[in-house]
There are 2 protein chains.
Amino acid sequence: MSNPRWLDERAARMWRAFHEMRRHLDKAIERQLADAGLSTADYNLLVPLSEAPGDGLRARDLASHVDWDRSRLSHQLRRMEQRGLITRRDCPTDARGTMIMLTPAGRRAVEAAAPGHVETVRRHFVDLLSPEEIDTLTAISTRVRDSGADIAP
Amino acid sequence: MSNPRWLDERAARMWRAFHEMRRHLDKAIERQLADAGLSTADYNLLVPLSEAPGDGLRARDLASHVDWDRSRLSHQLRRMEQRGLITRRDCPTDARGTMIMLTPAGRRAVEAAAPGHVETVRRHFVDLLSPEEIDTLTAISTRVRDSGADIAP
DNA sequence: ATTCGTTTGCTGACGCGTCAATAATCTACC
DNA sequence: GGTAGATTATTGACGCGTCAGCAAACGAAT
């Protein structure tokens, strides 16, 4: 650990703008989903559930699909069950497991929210980027995402 | 509102990778700051406070500096005051106001955390990007951040 | 069959963030 | 001066997310 190499002005400006973009984008998406009565967390679970086969998904598989830990998933499912968006039932093949299913209300909610959500993502993000910028951002994102914790994990 | 234009495969891949990058980055930064005993929220307040003149900052000014609403700031300051990172005192020129000051412990905390934080941002982000990518990302970020909510605010 | 380690899902405690409501004070206008 | 409206800071309620810990059930080795 040498003495700190602070960010140069170019990088600092990027870093700041990057955070402001994230914030702006998140707020736009949250506002649109809130109009549909859903949070981002709700939506992120409802989408894979809506694409699941008829008997739903095991909590374990849903968790790995969205890359959440089991605790986070359990808390969120509790809230969504209370609101009638999903139901839980015992898993027939593994007594530890729980099958998660969309209720009709849950399916209606996600189907009502989805078009507006996509439209929001387009208007506030995708449609503002050129094809080259999309490719650059994909390259940046995958590189950063896959960057091992090098030293010190 | 026409019938939904779903994202094409290129955009969808970018959108997914973008979220995964954000997640990875946030986790790396949170982990490093946690090693220094701070949360991201703590750090974001401590930095402007550490650069403030001797008598600290008014809560109002601190809020606008980090672009938080007063409620969020008040909750965070309460937690930080309990931990001895900051103190509040009455504002001499406006009886509604509150002056926020770093305690010696708060100053030590931010000064201890800052080099590692910058190093983390570099290793996990800035140093992985070419100068052209930094410029592209700055352009993307400012454009998205400044994009008015066009129709329907 | 018993034991041992793992997997699965849940819970409680707590930090973070938003919203709505509140009290105190300031400013401007009459 | 006095009142009306704005600004400032705080609070309580609630949703979200992490962490540590738990109990039930599984699977494999003995």
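Each chain gets a letter, A, B and so on, in the order the sequences are listed, and its residues count up from 1.
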Non-neighbouring partners of B:D127 that pass side chain to side chain contact (heavy atoms under 4.5 Å, CB included), sequence neighbours left out = A:R5, B:R122

query = Just to confirm, is there a sub-4.0 Å distance from OP1 or OP2 of C:dC10 to any side-chain nitrogen or oxygen of A:R88?
reply = yes

key: Which residues share a ring-ring contact (aromatic ring centres under 6.0 Å, His included) with A:H65, sequence neighbours left out   = none

Check: protein-nucleotides 23-25 of chain D nitrogen or oxygen pairs below 3.5 Å:
none

request  = Please work out which residues in residues 53-65 of chain B have a non-hydrogen atom less than 4.0 Å from an atom of DNA chain C and list them by number.
outcome  = none

Please enumerate all residues that pass side chain to side chain donor-acceptor pair (under 3.5 Å) together with [X], with sequence neighbours excluded.
X	result
B:R70	none
A:E81	A:R88
A:R89	none
A:R143	B:E133

query = With A:R72, which residues qualify under salt bridge (charged side-chain N to carboxylate O under 4.0 Å, His left out), at least two apart?
reply = none

request  = Quick one, give me the B/S/- string for nucleotides 13-20 of chain D, reading 5' to 3', where B means a protein heavy atom under 4.0 Å from the base and S means that only happens at the primed atoms, P, OP1 or OP2.
outcome  = B-SBSBBB

request  = Using modelled atom types only, decide if a donor and an acceptor are shared between the side chain of B:H117 and the backbone of B:V110 within a distance under 3.5 Å.
outcome  = no

query = According to the side-chain hydrogen bond (donor to acceptor under 3.5 Å, both in side chains) rule, which pairs have a member within residues 41-50 of chain A, sequence neighbours left out?
reply = A:S39-A:D42, A:D42-A:Q76, A:D42-A:R83

Hey, can you pull the donor-acceptor pairs under 3.5 Å for the side chains in residues 51-59 of chain A, sequence neighbours left out?
unit_1 : atom_1 : unit_2 : atom_2 : d
A:R58  : NH1    : A:D94  : OD2    : 3.4

What's the [atom1]-[atom2] distance between [X] and [N], to the nearest Å?
X	N	atom1	atom2	value
B:L73	C:dC19	CG	P	16 Å
A:R70	D:dG21	CZ	P	18 Å
A:E81	C:dG9	CD	P	14 Å

